[in-house]
Asks: 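I'd like to ask you about the structure that follows.
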Amino acid sequence: MLSDQMAVLLLAVILDFAFGEPPSFAHPVVWFGKLIGFFDSKWNRRGLPDVIAGAFFTFIVIAFALLLSQSPSLLPQPFDFLVSTYLLFSCISIRSMVDHAKATISNGVDAKKVQMIVSRDTSKLSRHQLCSAVIESVAENFVDGVLAPLLYFAIFGLPGAVVYRAINVCDAMVGYRTPEYEKFGKFAARIDDAANFIPARLSVLLFALLNPRALKAYRHSVKLNGHAMVAMAYTLRVTLEKPGSYIIKAGRLPSERDVERSISVFWMVSCLAVLFSAVLIVLKSF
């Protein structure tokens, strides 16, 4: 029902704003990571081709996510509503991203704290490159942790959000272009690309409501679904760089002040994403 889905959306967002993340032991997204990590650790890279094994294990995680998303339907009211809310709450990541980003600049920009939210080696990065890494992470998390799960929730209900997050976690765990994971993580990476294709491009429109220059992200993106990073760069008018990979020249070199500004932008576009999802839920009812 419209009222139930809207109530789940709003309460889940309120929980996220208030608490950030569920505890790890009770966090479904953490469970997805542990499951694909278990398969990865036990796979001996022999027997089945890596690409087939990786696809099979990813399917298992997705199937588990789908079953988990159906669990509220087995419960009586109001427990079905409460579990649905908790599952959606676990799928979005607004407050926790803000907390992580703020921690990186609590006493100047800290390379070790930046390392906790990015995959690149931060030990040799300059101050500006460290600030860039944080801003890029904030922008990417807007798609992965906010817009995409809310969009899929609005369209497909709870299974959409939960399955999306399972796909996203599988990609984060094994979807690397390294000799070890190039084939094993190929399926997870490709299905994640597909799942993010529309949300990444839609994110530009939300950034453009804050600064029309963000629309330049449609003309050039640093990678397949890197539109939010480009949109953030033009919104802030700063240059973002991942050494050896890409550079987005949209203004001056970033500082800690720009990290703070990126957090403010993240809050605003996240609120717009919640509003957009609510509108989609209403439209879907007609």
Side-chain angles (χ1 to χ4, degrees), residues 1-20 29 65-66 69-70 72-73 78 80-98 138-168 192 194-218 221 225-232 234-235 262-286:
M1 293 176 60
L2 169 63
S3 58
D4 290 342
Q5 190 175 10
M6 190 71 76
V8 167
L9 169 66
L10 296 179
L11 185 54
V13 171
I14 290 172
L15 288 173
D16 181 90
F17 283 7
F19 301 106
V29 175
L66 186 59
S69 69
Q70 299 292 337
S73 64
D80 58 342
F81 171 78
L82 295 175
V83 173
S84 294
T85 300
Y86 180 78
L87 288 174
L88 182 61
F89 161 50
S90 72
C91 289
I92 56 180
S93 182
I94 302 174
R95 169 72 180 274
S96 63
M97 183 69 248
V98 170
V138 169
E140 286 196 300
N141 191 76
F142 171 62
V143 175
D144 296 344
V146 186
L147 180 58
L150 290 181
L151 175 66
Y152 286 119
F153 172 74
I155 298 173
F156 301 111
L158 186 61
V162 178
V163 168
Y164 168 78
R165 287 298 280 155
I167 291 171
N168 188 243
D192 183 73
N196 279 318
F197 190 86
I198 292 176
R201 287 150 183 79
L202 180 61
S203 71
V204 177
L205 297 179
L206 300 185
F207 279 101
L209 292 176
L210 305 181
N211 188 333
R213 295 180 80 245
L215 292 171
K216 292 185 178 182
Y218 284 129
S221 185
N225 293 326
H227 295 72
M229 287 194 300
V230 181
M232 179 69 87
Y234 278 102
T235 299
S262 75
I263 294 171
S264 296
V265 169
F266 177 79
W267 272 120
M268 288 186 281
V269 291
S270 294
C271 290
L272 289 173
V274 173
L275 179 61
F276 177 73
S277 299
V279 170
L280 276 184
I281 291 171
V282 173
L283 292 176
K284 191 179 70 169
S285 69
F286 294 105

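Heads up: numbering here begins at 1 and tracks the sequence. Remember, it's a predicted structure, so these values are computed and weren't measured experimentally.
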Asks: Would you say the side chain of Y152 lies within less than 4.5 Å of the side chain of V163, judging by non-hydrogen atoms?
Replies: no

Asks: Using a 6.0 Å cut-off, check whether atom OH of Y218 has over 12 heavy atoms from anything other than its own residue.
Replies: yes

Asks: Can you tell if the side chain of L66 reaches within under 4.5 Å of the side chain of V162, non-hydrogen atoms only?
Replies: no

Asks: Taking all atoms of both residues into account, what is the closest heavy-atom pair of L147 and P199, and its distance?
Replies: CD2-O, 3.3 Å

Asks: List the atom of A214, the atom of V204, and the distance in Å for their closest heavy-atom pair.
Replies: O-CG1, 3.3 Å

Asks: To the closest 0.5 Å, what do you measure between CZ (R95) and CH2 (W267)?
Replies: 6.5 Å

Asks: Is any side-chain heavy atom of F89 less than 4.5 Å from a side-chain heavy atom of L11?
Replies: no

Asks: Taking side chain as C-beta onward, heavy atoms only, is S203 less than 4.5 Å from V269?
Replies: no

Asks: Taking the six-membered ring for Trp and the full ring for Phe, Tyr or His, determine whether the centres of F142 and F207 are under 6.0 Å apart.
Replies: yes

Asks: Supply the atom-to-atom distance D16 CG to C91 SG, rounded to the nearest 0.5 angstrom.
Replies: 11.0 Å

Asks: When you measure from the side chain of R165 to the backbone N and O of A161, does any donor-acceptor pair fall under 3.5 Å?
Replies: no

Asks: Do V230 and K216 come close enough that some side-chain heavy atom pair is under 4.5 Å?
Replies: no

Asks: At what distance, to the nearest 0.5 angstrom, does CD1 of I281 lie from CG of L150?
Replies: 8.5 Å

Asks: Might you point out which heavy atoms bring F153 and L9 nearest each other, and give the distance in Å?
Replies: CE2-CB, 3.8 Å

Asks: Which is it for K284 and I155 under the side-chain contact (heavy atoms from CB on, under 4.5 Å) test, yes or no, and what are the steps along the way?
Replies: CA-CA 7 Å; K284 191 179 70 169; I155 298 173; 5.6 Å; no

Asks: I want to check something: taking the side chain as every heavy atom from C-beta on, are I92 and V146 in contact at a cut-off of under 4.5 Å?
Replies: no

Asks: Could you check if a side-chain atom of N211 sits within less than 4.5 angstrom of a side-chain atom of Y234, using non-hydrogen atoms only?
Replies: no

Asks: For L15 and Y86: C-alpha separation, side-chain torsions, deciding distance, then whether side-chain contact (heavy atoms from CB on, under 4.5 Å) applies.
Replies: CA-CA 9 Å; L15 288 173; Y86 180 78; 5.9 Å; no

Asks: Which pair of heavy atoms, one from A231 and one from A217, lies closest together, and at what distance?
Replies: N-CB, 3.8 Å

Asks: T85 and side-chain contact (heavy atoms from CB on, under 4.5 Å): which single residue from V8, L10, L158, D80 fits?
Replies: V8

Asks: Show the nearest heavy-atom pair for residues S84 and P72, with the distance to one decimal.
Replies: OG-CB, 3.3 Å

Asks: Just wondering, do M6 and V282 contact through their side chains at under 4.5 Å, heavy atoms?
Replies: yes

Asks: Crowded around L210 CG? As in, over 12 foreign heavy atoms under 6.0 Å?
Replies: yes

Asks: Under the criterion side-chain contact (heavy atoms from CB on, under 4.5 Å), I'd like the reasoning laid out for N168 against N196: C-alpha separation, chi angles, the key distance, then a yes or no.
Replies: CA-CA 9 Å; N168 188 243; N196 279 318; 4.2 Å; yes

Asks: Can you name the nearest heavy-atom pair linking S93 to N141, along with the distance?
Replies: O-ND2, 3.0 Å

Asks: Spell out, as yes or no, whether a donor-acceptor pair under 3.5 Å connects the side chain of E140 to the backbone of N225.
Replies: no

